[in-house]
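Working notes for the structure below.
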2 protein chains.
Amino acid sequence: MGITKSQIFTEHQNDLAQFFKVLGHPARVAILQYISNQNASICNDLVEEIGLAQATISQHLKELKSIGLLHGEVEGKSMCYCINVERWTDLQNQLNTFFNNTKSNCC
Amino acid sequence: MGITKSQIFTEHQNDLAQFFKVLGHPARVAILQYISNQNASICNDLVEEIGLAQATISQHLKELKSIGLLHGEVEGKSMCYCINVERWTDLQNQLNTFFNNTKSNCC
DNA sequence: ATTTAACATCGTAATATTGCAATATTAAAA
DNA sequence: TTTTAATATTGCAATATTACGATGTTAAAT
């Protein structure tokens, strides 16, 4: 069907999966890394750096914004995008909690 | 197009994104959590616990196996699935490295 | 040997995602 | 005011994902 049955999972499971999902595309990984190296970035730099069409980069930026990982500031005609460090750290902690709670031995 | 342009990204970016992607479905999060709580699990338990069809659970298990996170052992007619702790820890370290390297202040 | 139980795989329908061209929108520059 | 530059949005085509019924496969139980 292509539709995820979110109703049968907990809110936490859905949230966690949503975070992972947004990070689950190489363009979005690359965007985060590039912004981090530059300490900030305008969209046009990303288009040239990454090599996807402007519309496509814009879409990926939107998804990263949707989970609060990026925020953009208008700078004249440009947008300055940067990582929301507080959210970034929060997310890292959440993922580590998941990893630590899910470790187990077996078989 | 629906097709990711993997060629334009580094192997590391693609690998990282692939890990995130596999974890980016609530059913797979739920499977990992359940297996962890039980310390191991047979597929049929998961079908009852999670409430997806057997074929669907089997498919999700396959994806978790594809990144080495789970391994299954034949136990008579059943399969005993469990988390590959070594791989699990390795993955956690990789993700933390990514998070630590990608932190940045801005704007 | 048959049956049964537990999984895996296949085929398929429905929906989601990716990517881009075309077209807004917005603000500075001319 | 018109132009230009930078980004967002829309509309689509191609491919991927999710889910499940039906059908294999395998090993224990009868």
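Every value quoted in this text rests on a predicted model; they were computed, and no experiment measured them. Note: hydrogens, waters and symmetry copies are ignored here, and every other heavy atom, side chains too, is used. Residue numbers begin at 1 in each chain, while the letters A, B, ... track the order of the sequences.
Distances from the side chain of A:Leu61 to the nucleotides C:dC7, D:dC20, D:dA8 place D:dA8 closest.
Across the protein-nucleic acid pair, B:Ile50 atom CD1 and D:dA19 atom C1' stand 14 Å apart, rounded to whole Å. Across the protein-nucleic acid pair, A:Ile3 atom CD1 and C:dT17 atom C1' stand 14 Å apart, rounded to whole Å. In this structure, CD of B:Gln59 is placed 13 Å from P of D:dG21, rounded to the nearest angstrom. Going from atom CD of A:Glu48 over to atom P of D:dA5 covers 13 Å, rounded to whole Å. As a whole-Å value, the separation of B:Met79 CE from D:dA28 C1' is 16 Å. A:Asp45 has its CG atom 10 Å from the P atom of D:dA6, to the nearest Å. The nearest whole Å value for the distance from the CD atom in B:Glu63 to the P atom in D:dA16 is 13 Å. Look at CG on B:Leu52: it is 11 Å from P on D:dG21, rounded to the nearest Å.
A:Lys5 NZ to B:His25 NE2: the interatomic distance, rounded to the nearest 0.5 Å, is 10.5 Å.
Atom CD of B:Gln7 is surrounded by more than 12 heavy atoms from other residues, nucleotides or ligands within 6.0 Å.
Mapped onto DNA chain C by nearest heavy atom, A:Lys77 and B:Lys77 fall at different nucleotides, with B:Lys77 at the one closer to the 5' end. For A:Val74 and A:Ala55, each mapped to the nucleotide of DNA chain C holding its nearest heavy atom, the one lying further toward the 5' end belongs to A:Ala55.
OP1 and OP2 of C:dT17 both lie 4.0 Å or more from every side-chain N or O belonging to B:Lys21. Checking the phosphate oxygens (OP1, OP2) of D:dA6, no side-chain nitrogen or oxygen of A:Tyr81 falls inside 4.0 Å. Phosphate contact (OP1/OP2 of D:dA5, side-chain N/O of A:Asn44, threshold under 4.0 Å): absent. A close approach under 4.0 Å does not occur between any side-chain nitrogen or oxygen of A:Lys62 and OP1 or OP2 of D:dT7. At the phosphate of C:dG19, OP1 or OP2 sits under 4.0 Å from a side-chain N or O atom of A:His25.
Across all strands, B:Thr4 comes closer than 4.0 Å only to sugar-phosphate atoms, never to a base (heavy-atom distances). Looking at heavy-atom distances under 4.0 Å, B:Ser78 makes contact with sugar-phosphate atoms alone, never a base. Base engagement by A:Ser58 is indicated by at least one non-hydrogen atom pair under 4.0 Å involving a base atom. A:Ile57 comes within contact range of no nucleotide atom at all, as no heavy-atom separation falls under 4.0 Å.
The distance between the ring centers of A:Trp88 and A:Phe19 does not fall below 6.0 angstrom.
A side-chain N or O of B:Asn100 and one of A:Gln92 form a donor-acceptor pair less than 3.5 Å apart.
Side-chain atoms of B:Ser58 never come within 3.5 Å of backbone atoms of B:Ala55 as a donor-acceptor pair (strictly under, hydrogens ignored).
When A:Glu73, A:His71, A:Gln38, A:Lys65 are each tested for a side-chain hydrogen bond (donor to acceptor under 3.5 Å, both in side chains) with A:Tyr81, only one passes: A:Lys65.
Contact annotation: side chain of B:Gln54 to base of C:dA8, donor-acceptor pair present below 3.5 Å.
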